[in-house]
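Comments concern the structure below.
The first residue of the sequence shown is numbered 1, and numbering continues consecutively from there.
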Amino acid sequence: MTKPRTGQAPPPLGRDEFHLQFQRSFADPAFDTVKDALSSVEQVAWTNYVEGHKSPVTEKAGPGFADPDYDLSAQWKADSKQLAALEIQQKDARTPSRVLLICGSARNDGSCPSEISKTWRLTCLAQEILEAQHIEVDLLDLSLLTSDYDKHIHPCKGCASTAIPLCHWPCSCYPNHGQRQTNDWMADIYQKWVAAHAVIILTPVYWYQTPGVLKLMIDRLVCADGGNPDPTSTSGKNAEKAKAIELAGWNYPKHLAGRAYGLVVHGDVAGIEGVRRSLSDWLDWMGLIDAGAGARLDRYIGYYESYADSHATLDKDLAVQDEVRNVARAVARAVGELRQGTLSQPDKDLTKPRPK
């Protein structure tokens, strides 16, 4: 038996430390009038923390799971059932074609920047093209993480690196009520990916990388590439069981494979090609199908020009606007061919000698 290596995590918080952490969320003097009520809530939260109330509402897993008697998170079970239904719907030739548009910028006019992002404008251009071709559009604006109340994409905890069967599809790491890791957006985002026939990611470059809001989502999609659809097989998060399952042989199911994709990466100084390539490589690895060279765009908008006037620069750059429209047109064509079974995928039936 391969044993997990331990010794990195700090000890749990003591009661005094927990008090300080809990009260930081209520530093506004407006909460002073409910100080006694907050103390009562804090005590409940402390008990949940100490007792590890990760999933306080559970139900028996039932038929179809390795351990039907396992007390499975009721929320995870409902989310998993919804994904299965959406997968059936996505593969039904009678349903409308659907494209997921992802705005990967962290900026919007509802938070500190006080202005919409150029990425949002480019996303809207793609939306117009797709809707004109009677394709349903699901719009995912990741900047809402910076402007919406208590909305989160919590970070990936890296379960896959311990053993891939420990990484559940969909992710079962959140919510963790005992740790106050709640209001996780990813359950909804998984549904958007599963329901889509294609995905177009539009993003600016932040310091040679994707914005943090986009990277959070990307990391949490690791469970779509080889993730375990049955948490009862690992008794939840039992690392030893997960290691044993992987070492006995794992088939690395690609839960989002076969969807088409397009990319729009823009910047103002540097990094656009590297970001576009890394996104392409990631989506290729996940088993998605690029919609051609015209659907993989990287462009500078206002190269070394002022940030303050960058929207005016985009107004004048009609070529980049049309290039973004072409990304949407290429993806629309790919979706049509994909659903008709005519999209060429020369490597579709090849068996990988080293799956991972």
State plainly whether one hydrophobic cluster holds both L101 and L125, where clusters connect Ile, Leu, Val, Met, Phe, Trp and Tyr through side-chain heavy atoms under 4.5 angstrom apart.
-> yes
Is D219 paired with K215 through a side-chain N to carboxylate O contact shorter than 4.0 Å?
-> yes
N/O donor-acceptor pair under 3.5 Å between H53 side chain and G178 backbone | no
Pairing of E42 and R24 as salt bridge, 4.0 angstrom limit | no
Roughly how far, to the nearest 0.5 Å, is CH2 of W185 from NZ of K192?
-> 7.5 Å
Has the side chain of R259 got a donor or acceptor atom that lies under 3.5 Å from a matching backbone atom of A196?
-> yes
Taking the side chain as every heavy atom from C-beta outward, state whether W282 and L221 have any pair of such atoms under 4.5 Å apart.
-> yes
R121/D315 salt bridge by N-O under 4.0 Å criterion | yes
Can you tell me how far the CG atom of D184 sits from the CG atom of N176, to the nearest 0.5 Å?
-> 11.0 Å
For T2 and K243 the tightest heavy-atom approach is O-CD, 3.3 Å
Minimum-distance pair of heavy atoms, taken over all atoms of P56 and H177 | CD-CD2, 3.3 Å
Side-chain (H255) to main-chain (P170) donor-acceptor, under 3.5 angstrom | no
Look only at the side chain of K118 and the backbone of H311, and say whether a donor-acceptor pair between them is shorter than 3.5 Å.
-> no
For L288 and L256 the tightest heavy-atom approach is CD1-O, 3.6 Å
Are side-chain N/O atoms of H266 and T119 paired as donor and acceptor at under 3.5 Å?
-> yes
T313 and Y303: side chain to side chain contact (heavy atoms under 4.5 Å, CB included), yes or no, with the steps?
-> CA-CA 10 Å; T313 301; Y303 188 67; over 6 Å; no
Nearest heavy-atom approach of A66 to T232 is N-OG1, 3.2 Å
Validation row: K35, L38 side chains within 4.5 angstrom (heavy atoms) | no
Where the side chain of T234 meets the backbone of L166, is there a donor-acceptor pair that is under 3.5 Å apart?
-> no
Does P165 offer a backbone N or O that forms a donor-acceptor pair with the side chain of K241 under 3.5 Å?
-> no
Stepwise side chain to side chain contact (heavy atoms under 4.5 Å, CB included) test for T210 and V265 = CA-CA 9 Å; T210 62; V265 177; over 6 Å; no
Which residues, ordered by chain and number, are linked to Y208 in its hydrophobic cluster, where ILVMFWY side chains connect at heavy-atom gaps below 4.5 Å, directly or through other members?
-> none
F22 and F26: aromatic ring centres closer than 6.0 Å?
-> yes
Kindly determine whether I135 and R98 satisfy side chain to side chain contact (heavy atoms under 4.5 Å, CB included), including the steps that lead there.
-> CA-CA 6 Å; I135 292 176; R98 191 173 188 84; 5.7 Å; no
Y206, L142: one ILVMFWY side-chain cluster at the under-4.5 Å cut-off?
-> no
Look up atom CG in N228 and atom CG in N251, then write down how far apart they are to the nearest 0.5 Å.
-> 9.5 Å
So if you build clusters from Ile, Leu, Val, Met, Phe, Trp, Tyr with side-chain heavy-atom gaps below 4.5 Å, do M186 and I102 land together?
-> yes
Residues I164 and E246: closest non-hydrogen pair is N-OE1, 2.8 Å
If Ile, Leu, Val, Met, Phe, Trp and Tyr residues are connected whenever their side-chain heavy atoms lie under 4.5 Å apart, and connections chain through other members, are L86 and W169 in the same group?
-> yes
Check S172 against W76 and note the closest heavy-atom contact, atom names and distance.
-> CB-CD1, 3.7 Å
Answer yes if the side chains of H168 and S80 hold a donor-acceptor pair under 3.5 Å, and no otherwise.
-> no
Do other residues, nucleotides or ligands put more than 12 heavy atoms under 6.0 Å from D16 CG?
-> no
Would you check if K254 and M286 make a side-chain contact, meaning some heavy-atom pair closer than 4.5 Å?
-> no
Would a distance-only check, ignoring hydrogens and angles, find a side-chain to backbone donor-acceptor pair under 3.5 Å from W250 to G226?
-> yes
Solution key, residues 324-338 side-chain donor-acceptor pairs under 3.5 Å, sequence neighbours excluded:
| unit_1 | atom_1 | unit_2 | atom_2 | d |
| --- | --- | --- | --- | --- |
| R325 | NH1 | D322 | OD1 | 2.7 |
| N326 | OD1 | R329 | NH1 | 2.8 |

4.5 Å side-chain heavy-atom contact, L122 and I301 | yes
Out of curiosity, C156 SG to L216 CG, how far, rounded to the nearest 0.5 Å?
-> 10.0 Å
Is the centre of the Y49 ring less than 6.0 Å from the centre of the F18 ring?
-> yes
Examine distances only and state if a side-chain atom of K60 and a backbone atom of D69 form a donor-acceptor pair shorter than 3.5 Å.
-> yes
4.5 Å side-chain heavy-atom contact, W46 and H19 | no
Residues, nucleotides or ligands: over 12 heavy atoms within 6.0 Å of R5 CZ | no
Residues which pass side chain to side chain donor-acceptor pair (under 3.5 Å) with N183, listed by chain and number, not counting sequence neighbours | D150
When you check the side-chain N and O atoms of E131 and Q127, is any donor under 3.5 Å from an acceptor?
-> yes
Flag side-chain contact, heavy atom, 4.5 Å: L100 against L140 | yes
Give me the ring orientation class for H152 and H154: parallel if the planes are under 30° apart, tilted from 30 to 60°, perpendicular past 60°.
-> parallel
In one Ile/Leu/Val/Met/Phe/Trp/Tyr side-chain cluster, 4.5 Å: V205, Y304 | yes
Heavy-atom side-chain contact between K237 and C173 under 4.5 Å = yes
Step by step, work out the side chain to side chain contact (heavy atoms under 4.5 Å, CB included) result for S143 and S105.
-> CA-CA 6 Å; S143 75; S105 174; 5.5 Å; no
Say whether, by atom type as modelled, one donor and one acceptor occur between the side chain of Q90 and the main chain of A195 under 3.5 angstrom.
-> no
Could you tell me whether the side chain of R220 reaches within less than 4.5 Å of the side chain of Y190, counting heavy atoms only?
-> yes
Quick one: CD on Q191 to CD on E87, what's the gap to the nearest 0.5 Å?
-> 12.5 Å
Measure from the side-chain N and O atoms of T58 to the backbone N and O of D71, and report whether any donor-acceptor pair falls under 3.5 Å.
-> no
In Å and rounded to the nearest 0.5 Å, what is the CD to CD1 distance from E240 to I245?
-> 12.0 Å
Going by distance alone, is a donor N or O of one side chain under 3.5 Å from an acceptor N or O of the other, for D268 and S310?
-> no
Does atom NZ of K348 have more than 12 heavy-atom neighbours from other groups under 6.0 Å away?
-> no
Does NZ or CZ of K352 lie under 6.0 Å from the centre of the six-membered ring of W285, at an angle within 45° of the ring axis?
-> yes
